[in-house]
Each structure stands twice: as structure tokens, then as C-alpha cells.
> 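Pasting a structure here, questions to come.
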Amino acid sequence: MTATSDPASRMPEKPSIDGLEDKWGARWEAEGVYRFDRTKTRAEIFSIDTPPPTVSGTLHMGSVFGYAQTDSLARYQRMRGRELFYPMGWDDNGLPTERRVQNYYGVRCDPAIPYDPDFTPPEKPGKEQVQISRPNFVELCLRLTAEDEKQFEALWRRLGLSVDWTQTYTTIGPESQRASQRAFLRNLARGEAYSAEAPTLWDVDFRTAVAQAELEDRETPGAYHRILFPSDHGEAVAIETTRPELIPACVALVAHPDDDRYKNRFGTTVRTPLFGVEVPIKAHHLADPEKGSGIAMICTFGDVTDVTWWRELDLPVRTIIGRDGRILAAPPQDVPADGAWAELTGKTAKQAQKRIVELLAESGALVGEPKPITHPVKYFEKGDRPLEIVSSRQWYIRNGGRDAELREALLARGKELTWQPSHMQARYDNWVGGLVGDWLISRQRYFGVPFPVWYPVGDDGEPRYDEPILADEAALPVDPSADVPAGYDESQRGKPGGFVGDLDIMDTWATSSLSPQIAGGWETDPDLFDRVFPMDLRPQGPEIIRTWLFATVVRAHFEHGGLPWRDTSINGWVLDPDRKKMAKSKGNVVTPLPLLEEYGTDAVRYWACSGRPGTDTAVDFGQMKVGRRLAIKLLNASRFVLGLPYDDERASAAEITEPLDRAMLARLAGVVAEATTAYDAYDYARALERTEAFFWEFCDDYVELVKNRAYDEAAAPSAAKALRLALSTLLRLFAPTLPYATEEIWSWWQDGSVHRAPWPDAAELRAAGGSGADPLLLEVAAAALGRIRKAKSEAQQSMRAPVSEAVVRDTAERVAALAQARGDVMNAGVVASLVIEEGEPEVLVTLAPSPA
RNA sequence: GGGCGAGUAGCUCAGCGGUAGAGCGCCGCGCUUACAACGCGGAUGCCGGGGGUUCGACACCCUCCUCGCCCACCA
């Protein structure tokens, strides 16, 4: 360690934490402090699979919370001598961006419109959305995300993330597209990906299929309608349904095989009211005799149970709802086009329900009044209307949802992974254990990675979906809607005997599940890939264990036969500062930038790093204030320590011999050991807490005790040396959490960045004087000083008031320890006579008569 | 219905077999040669309830209650 002999010349009169972000942000960038050195070996490198934040709006406190925690871990590993591979990605493809672009510019994509090279979006979004071509839409997405990414980067820099900003990627970028398409083609070749025509959960507003992982239940108002189905073979059968509009889609009724009420009806038929379609009555164990009338109407498709019944009972399809969520123009098989159907066609599900209930009531099929209820209904997590189920051709990747052996293998991967905190693994196990189908990766959207696939068109004009033409890996990335497959030319697109491109895009998780491969240069930079993969750490939020974490494990399992990383740290969830108050205060949203400006980055990081790993934490302005105070205190205390007399030559020759100094170093060595153990277990919060506790002891007790002695450095260089050693250690212990304040102080007296300085070593502190010393000495001296201060406080005297005599009685062990710090206690307490003796623990303080 | 987590000072939370802790807030004192945007000192608790294990339980076990999250159920 190189020390600057005269820190005084570099220290400001009145140190401040304000402005440090700009000053050091610029310096770190200019000096490449966090630049990744790719000549290091795998063993020397610590690689982090940083979550690429969704670039579709603003970063919130939850992001700041998690990323600050991860950054403290990264900084620790760097100081331990590891070379950090700490890239940053932007998740810009996918639906969130499309939605943002639609709202921001007031446009809507219509793939049927040709590209307009001169298109400029409206200044302000108009009332009516402007229909634009797919290429124009994609251009707008790229334009807006590029702007958003600049802002995100600025915020992350302000937060002091020590990422290497030359190592960035975007999930829409060419590298991501290449990796996604390559991985998909390989999945396909190995049979891990496939396409199938099947009932699919469908969002009618976004007009796309969605995956199981993107569902959420919402309590939604509805009503039970009791409806009579007349029969040619006996009396009418009453069913109850919340979706009477699906009666024309009815293909059967179903009851439990043991249900005596319906046993004799199995194998017979009823007719649908209003439409008169003959449908069978079937038996199936999933039918619940307790629900409604015990017999249910099976429609194609009202919910996922319908899909099960439809499949297992081998029923026909009567599709009535289109992909726009409206009743189709043409009725399904057996349903007459006139009459009731004509009343429904073109309506939304909701409108159709209203009308059909009126018709049912008029016809007498509706029994009684509809009974209002609230029930959970499946929604797309980003959607506004309930999902429909439509039959469509989609791409899937196997994930164990339909294959016990694969499921077990993926569960085993979850066990191989080290989870912090460990209980988060349960979320993984629950999810994987509960999967009911494979992973649907295709989306009928526009801004994403296309499938590198075309289909030959037969002479009948129909695409041959089971004979896909695959892109060559060397040609990736490809866009099948613009590029032409080998052996064809553009004029054959869409023509009989020609080809068509697959128009779907991949779900964003199908790309972000390859983030370690994308960032690590998989297949494009094998040298880099070998040095960083599998990665050391995946930090992320708990809510995306079922999506991002699981999907990444699936892809690495297939492609590399192993885990994508060794460890994962799951951060907690950020809660409102005070829900009750938030509700009253008119939607006052907490955004990070104003907080970073008000309290300072170090303060906000302090709050974030005080939250235990995996523990939900409230936004706490109090904690930020504490962090700010801590950073200011660190500046002031450092300025004081560095301002004390110090002589390089004398210090290097001297030894730390004073018992109190040695006790302090012994205590500090213990803190270093604890902090190191904690950081190694990704417990940044404990490391910070222990460091902070010691720092206040250091300031309030140790510095006060040795102050007077330290002024006379020439006589006793021990304290001068111990103070600087302790300060250097403290700055490095705090550096991962408070990067700006520690760097500022470091610059006053050290060369280079504190963030590249070696992590403190307990053994070195012991060797420097702490060895064999007992930290008890510091404790008893501080306790004695505390009692003396208390006596002065109670007497309403200044802390500098002289004490004529103090008597300290305590156990033999503590008395012996205190005796070794006698001079320091007398000095700090301004005590004329100090008696230390064994006895019942007590402290008697006699203040000198006031001069006044 | 199943799983996970949490209930400790007014507030936010540590502690997790050995005398109940920190910070904020509150009260009192003090401009002390680093810091008054500060310092020093102080008060505050059936450690959710009930059983059990133990010489000893806030901690371990059982059980119940409350809250949060995830999953399942969706006729």
C-alpha cells in the first residue's frame, strides 16, 4: 500500500458527500476501473449473470434495491482479487416494449400494410391509433428503446454499479437474435422443441398466445346461470355456467361417473337451448358433484378443464370466439346461422353474454335469476381481459411439464444450484413440480426474435407445417418474413409451390433464458465463453424464479448438460414505505432518481444493503438518512484521523505496542473475519452491519480514548500507526456498500482506487499488533469512559469538565484489562485520579468543583 | 386446499440455547481542538398465544392465531 505523506493537502476543509457521484463516476470510466480483463483464467474470474431490466418505462425502487445488493457483492469479489465479468443487458424485445410504443406514439402494428420509408410518427398520440407496417413499428420500437436504454444506463451509473459498460447487450440485438435462433434450431434438432396445433391460452387484446408462467388469477365478478338443456330422451337437464355465451360452443355435458342423479343419462343426448344442437352426456371423474347442479357444460373452450375433457373424451370442436375476442361470423358445425347465432355474431364475449341471457330468458331456458358471484379467472399478467382458449399452431420447448423423467432431471438441477437464501429453492421445486404442459415460446407479435423457419407451400396453396425449412446456423440471424430460404427466391413467397416465412416471434424469456450464453459469447467467442461459463452467480428477484431462472436452467440443461451458474442469490421484494399513507397521498410513486439526489447514492445503497438477503424490505427514508449520516461521518472521521500528526519514517520503524491500540486491532481483525465470511455467503447485510457497529465504536470510543495520545505522535507513534491502519481497513470494508465516500477518502492519502485495493486480511491486522491482544480491553475502557460521560451528563456538565477522582470496581479480569488503558481513560475523561480495583462492579465519579 | 416466509421497543428491523439488542423517533445534557445537517447520556419490551424438550428457550420441537407471497381450485 502506498501512502501519501501529506493527506492534508488533498483533504477539503469541510468534506461533503454531495457531488461525489459525478466526480468519481467520470474518473472510474476514464480510468477503466471496472473494465473486464479477459486475459484472466476461469479460476481468477467471477462472472455474474446480471438481470437485463425490462426497458419499457422507468426503473423503480425494486430494481435499485436488488442491483445495489448485487453490486456490493461484485465489489467485494473484485477486492478479493477476482476479475469481474459483470455485464449489463437490456431486455428490450417483447410485449412490454410494443405496448409502450403503441401508447407513446399512438400507433398500432398491422402486418398487412407495406413499409413506408417516409413514415414519421405523430408529435402527440392521437385519439385514433395510426395503423403502421411491421417494419415501421419495429423501427419505432428500436428508436424508443435506444432512448430508454440511455436513461437506464445513466441511472445505473449514478447508482454506482461497477459493471463494465463495454460489455452490454440487448435482447433484440443481433447477438441475442443469433444465439436465440441457434439455440432454438439445436433444441429442434434434438427434439427438445416442437410445434403443435392445440388449444392455447390466448389474449384477445394483444392477440397472442401466452405461456403458463405468464398467467395470473384475478377475482372477477360473474354470475351463475342455471340453464335447461331439453332432451329427446327424457326430462331437461339443468346445468350452471358462468359463461352462457358459450352455449353454441357446447360439445357435451359431463357428470361424475358415480353421480346417481345422472348415471342413467350417460350415453344419451340433450339439445343446446336456442341452437338445438344434439350433444352427448358423458362421465368423467373431474366433474364435481358438489358444484352447481353437478353436471357441467363442456365448451371449446371455456377453461382449461374443458380442454382436458375435450381431449380425454375425444370430443369435436365448435369454435365460436375469434382471435379478436369476438363471436365469429360463421357458426360452428351443426349450429344454424340464422336465429340466435345472428344475434351474437360480431359481439365481444361480454356483449354476447348479455344478449344470450335475454334470449334464454325469453325462451324459458333460463331458470331463475343469474346469481352474482366473484370467482378467480385466468388473465395474462399484462392483460386487461380474461384469457380465451383458441386452437392454434405454436412452438413449444419441453420443460418437464409432460415428461416425468425430464421433470426429475430439472428438479435435480435445482438441487445442484446453491440458493441464497436457501428457502427460495422451494419456489423452484413447487413450480417445476406443478407444471402441466410444455413451455409455449411462440408469440403472435412483432418486436422480437423471429423463428428461423419457413414452410413450403403446397400446390394447394397450403403451408406444410410439418416440413419446416430451417435456416443454416451460419446465416443467423435471419428474418423469415424478409429473408428467403435456400433454393427459393423472393417471387415464390406465398405462392403455390413456393414458401412462406414463420411470422411468429419468440417469447422474451426464450431469449433472456440465454443471457449467460449471449453475454458470454457462446459460439461466437469461444475463448471468452470458456473463461466465464458456467457463471458464478445469478442474482435476481423472487417473482421470476418460475420464468427467467427456470428457463435459463432448462436451456443450459439441454445445450450444455449442466447448470448455467453455480449460485443464485434471490433478493427480497420492496414494499411501499407506508401503504396507508401512500393511498392517501394521491398516487405518490417512489422513483429512484429523486432519492439518489436527495440522500446521495451511498445513502440509498446503504438502505438497499441493509435489507437482508431474500427479505422483503420497505422503502425506508429513515434508513437512507442513516446511510447519509454514516457516509458524512466517515468523511469527517477520516479527515480527523488523517489530520493527526504522522511521520512516515517514524511510523514505518515503529511498532503498534500500546495495549489499547492492539486491543482495537484485535477487535477489528474479528470484524474483518466476520465480514469476509458473510460476504462469501452473499450476506452483504451482515457484513455491513458488523462493519458499521465497529465503526461507531471506533469513533465514539477508540478515537476519543487515544485522541490526546495521538496528538503527541513523536512520543508515541503506536496510536498514529494504529489509527491509519484501522482507517484503511474500515474504508475497504465499507467500499462495497459506500463506493463514493470511501473512494473520495481513499484519494486523500492512497494511490489508485479503493475498489481495486485488496480486501482487508484479519491475519495482517493480527500481525500488525492485534495478535494476542484481548478486545476486552477496548470494551472495558469504553465502558469506563461511558460511566464518566454519564456522570457529567447527569451533572449537566460539559464533556470536557474535569473529574477529580474516578473509582472503577469490577471483576479481576476486567480490572486487569482496564489497568492497561489507564492513561487513555484518564486523558479522554479528563480524570485527575483514577482508582481501579477489584470488587462489586460500580463506577464512582467525583467531578472537580466548577471553576464558576 | 398445498407450499414458503414473517410476527422482538412507538416505527424499521437484528439476534436464533447462556444477564433482551441497534437505528429512527422520544426525553435530558452539551458548541468538546473531526463532525451542531453534530456529540454525549437516558427511558421504553408477558421476544404473537398455548404446550413440550432442557439446569437454562426469543432461539429447538409440537400446536394454534395473525399477516405477506407463491401455487392449486375456476362448470
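So that the names make sense, note that chain A is the first sequence line, chain B the second, and so on, each numbered from 1.
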> So which nucleotide from B:rC40, B:rG39, B:rA14 ends up closest to the side chain of A:Arg789?
B:rC40
> For nucleotides B:rU66 and B:rG49, find the distance between their P atoms and express it as a whole number of Å.
15 Å
> When Watson-Crick pairs (N1 to N3 and N6-O4 or O6-N4) and G-U wobble pairs (N1-O2 and O6-N3) count only below 3.5 Å on both distances, what is the dot-bracket string of RNA chain B, with | for other-strand pairs?
(((((((..((((....[..)))).(((((.......))))).....(((((..]....))))))))))))....
> Any base atoms under 4.0 Å from A:Val626, or only sugar-phosphate, or nothing? Heavy atoms, all strands.
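Sugar-phosphate: the residue A:Val626, judged by heavy atoms under 4.0 Å, touches backbone atoms but no base.
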> What's A:Lys790 touching, base or sugar-phosphate or nothing? Going by heavy atoms closer than 4.0 Å.
sugar-phosphate
> Using whole Å, what does the distance between atom C1' of nucleotide B:rU12 and atom CZ of A:Phe65 come to?
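Checked: the CZ to C1' distance equals 13 Å.
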> Work out how far the C1' atom of B:rC24 is from that of B:rU44, and round it to whole angstrom.
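Looking at atom C1' only, B:rC24 and B:rU44 are 14 Å apart.
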> Tell me, which pairs form a side chain to side chain donor-acceptor pair (under 3.5 Å) where one or both residues lie in residues 604-614 of chain A, sequence neighbours left out?
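Sorted pair list: A:Asp71-A:Arg605, A:Tyr606-A:Glu692, A:Ser610-A:Gln623, A:Arg612-A:Glu689.
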> Ring pair (Phe, Tyr, Trp, His ring centres under 6.0 Å) with A:Tyr599: which residues, sequence neighbours excluded?
none
> Tell me what A:Ser610 touches on the nucleic acid: a base, only sugar-phosphate, or nothing, going by heavy atoms under 4.0 Å.
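Result for A:Ser610 = nothing.
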> Would you mind classifying the nucleic acid contact of A:Ala685 as base, sugar-phosphate or nothing, using non-hydrogen atoms under 4.0 angstrom?
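No contact at all - A:Ala685 keeps every heavy atom at 4.0 Å or more from the nucleic acid.
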> Quick one: is B:rA22 close enough that its OP1 or OP2 comes under 4.0 Å of any side-chain N or O from A:Gln623?
no
> Any idea which heavy atoms bring A:Gly383 and A:Asp203 closest together, and the distance?
CA-OD2, 3.7 Å
> Provide, to the nearest angstrom, the distance between the CZ atom belonging to A:Phe695 and the P atom belonging to B:rG23.
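In whole Å, B:rG23 P and A:Phe695 CZ are 14 Å from each other.
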> Reading nucleotides 27-35 of chain B from the 5' end, what letters show protein touch, with B for base, S for backbone sugar-phosphate only, - for no heavy atom under 4.0 Å?
-BSS-BBBB
> Provide the full list of salt bridge (Lys or Arg N to Asp or Glu O under 4.0 Å) pairs with a residue in residues 245-257 of chain A, sequence neighbours left out, each pair given once.
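Matches after skipping sequence neighbours: A:Arg243-A:Glu245.
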> Which residue pairs satisfy the salt bridge (Lys or Arg N to Asp or Glu O under 4.0 Å) criterion with at least one member in residues 624-636 of chain A, sequence neighbours excluded?
A:Asp18-A:Arg628
> For B:rG25 and B:rU32, measure between their P atoms and round to the nearest Å.
23 Å
> Which residue pairs satisfy the salt bridge (Lys or Arg N to Asp or Glu O under 4.0 Å) criterion with at least one member in residues 285-300 of chain A, sequence neighbours excluded?
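Checked against salt bridge (Lys or Arg N to Asp or Glu O under 4.0 Å) - neighbours excluded - no pair reaches residues 285-300 of chain A.
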> Between A:Trp419 and A:Tyr428, is the gap from one ring center to the other below 6.0 Å?
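Yes: the rings meet the under 6.0 Å criterion.
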> Report all side-chain donor-acceptor pairs from residues 295-303 of chain A shorter than 3.5 Å, counting only partners two or more places apart or in another chain.
{"residue": "A:Thr300", "atom": "OG1", "partner": "A:Arg318", "partner atom": "N", "Å": "2.8"}
{"residue": "A:Thr300", "atom": "OG1", "partner": "A:Arg318", "partner atom": "O", "Å": "2.7"}
{"residue": "A:Asp303", "atom": "OD1", "partner": "A:Thr305", "partner atom": "N", "Å": "2.9"}
{"residue": "A:Asp303", "atom": "OD1", "partner": "A:Asp306", "partner atom": "N", "Å": "2.9"}

> Checking all strands, does A:Asp429 fall into the base, sugar-phosphate, or nothing category for heavy-atom contacts under 4.0 angstrom?
nothing
> Taking only the P atom of each, what is the distance from B:rA6 to B:rG17 in whole angstrom?
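Their P atoms lie roughly 15 Å apart.
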> Where do A:Tyr682 and A:Pro613 come nearest, in terms of heavy atoms and distance?
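Looking at all heavy atoms of both residues, the closest pair is O-CG, 3.8 Å.
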> In whole angstrom, give me the gap between the C1' atoms of B:rG7 and B:rA14.
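It comes out at 15 Å once rounded to the nearest Å.
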> Can a side chain N or O of A:Arg686 be found less than 4.0 Å away from OP1 or OP2 on B:rG15?
yes
> Using atom P in both nucleotides, what's the gap between B:rG10 and B:rC46 to the nearest angstrom?
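Comparing P positions in B:rG10 and B:rC46 gives a spacing of 7 Å.
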> Give me the distance, rounded to whole Å, that separates B:rG48 from B:rC31 when you measure between the C1' atoms they each carry.
47 Å
> Atom CG of A:Leu435 to atom C1' of B:rA72: distance rounded to whole Å?
13 Å
> Can you measure A:Trp431 atom CH2 to B:rC69 atom C1' for me and round it to whole angstrom units?
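After rounding, the gap between these two atoms is 15 Å.
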> Which heavy atom in A:Ala781 sits nearest to a heavy atom in A:Val825, and how many Å separate them?
CB-CG2, 3.9 Å
> Let me know the distance between CZ of A:Arg612 and C1' of B:rU12, rounded to the nearest Å.
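In whole Å, B:rU12 C1' lies 12 Å from A:Arg612 CZ.
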> Pick base, sugar-phosphate or nothing for A:Trp607, based on heavy-atom distances below 4.0 Å to the nucleic acid.
nothing
> For A:Asp683 and for A:Glu692, locate the closest nucleotide of RNA chain B by heavy-atom distance; then report the residue assigned to the nucleotide nearer the 5' terminus.
A:Asp683
> If we take the P atom in both B:rG23 and B:rA43, what is their distance in whole Å?
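Each nucleotide's P atom is 13 Å from the other's.
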> Would you mind reading off the distance between A:Met424 atom CE and B:rA6 atom P, rounded to a whole angstrom?
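Taking atom P of B:rA6 as the reference, CE of A:Met424 is at 10 Å.
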> Going by the rule ring pair (Phe, Tyr, Trp, His ring centres under 6.0 Å), which residues pair with A:Tyr684 if we only count those two or more places apart in sequence or in a different chain?
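Checked A:Tyr684 against ring pair (Phe, Tyr, Trp, His ring centres under 6.0 Å); zero matches.
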> Rounded to whole Å, how long is the line connecting atom CZ of A:Arg218 with atom P of B:rC73?
17 Å
> Write down the distance between CD (A:Glu543) and P (B:rC4), rounded to a whole number of angstrom.
21 Å
> Classify the side chain of A:Asp217 versus the base of B:rC73 as yes if they form a donor-acceptor pair under 3.5 Å and no if they do not.
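Yes, a donor-acceptor pair under 3.5 Å.
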> Does NZ or CZ of A:Lys282 lie under 6.0 Å from the centre of the six-membered ring of A:Tyr262, at an angle within 45° of the ring axis?
no
> Identify whether any heavy atom of A:Arg243 sits under 4.0 Å from a base atom; if not, whether one sits that close to sugar-phosphate; answer base, sugar-phosphate or nothing.
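Result for A:Arg243 = nothing.
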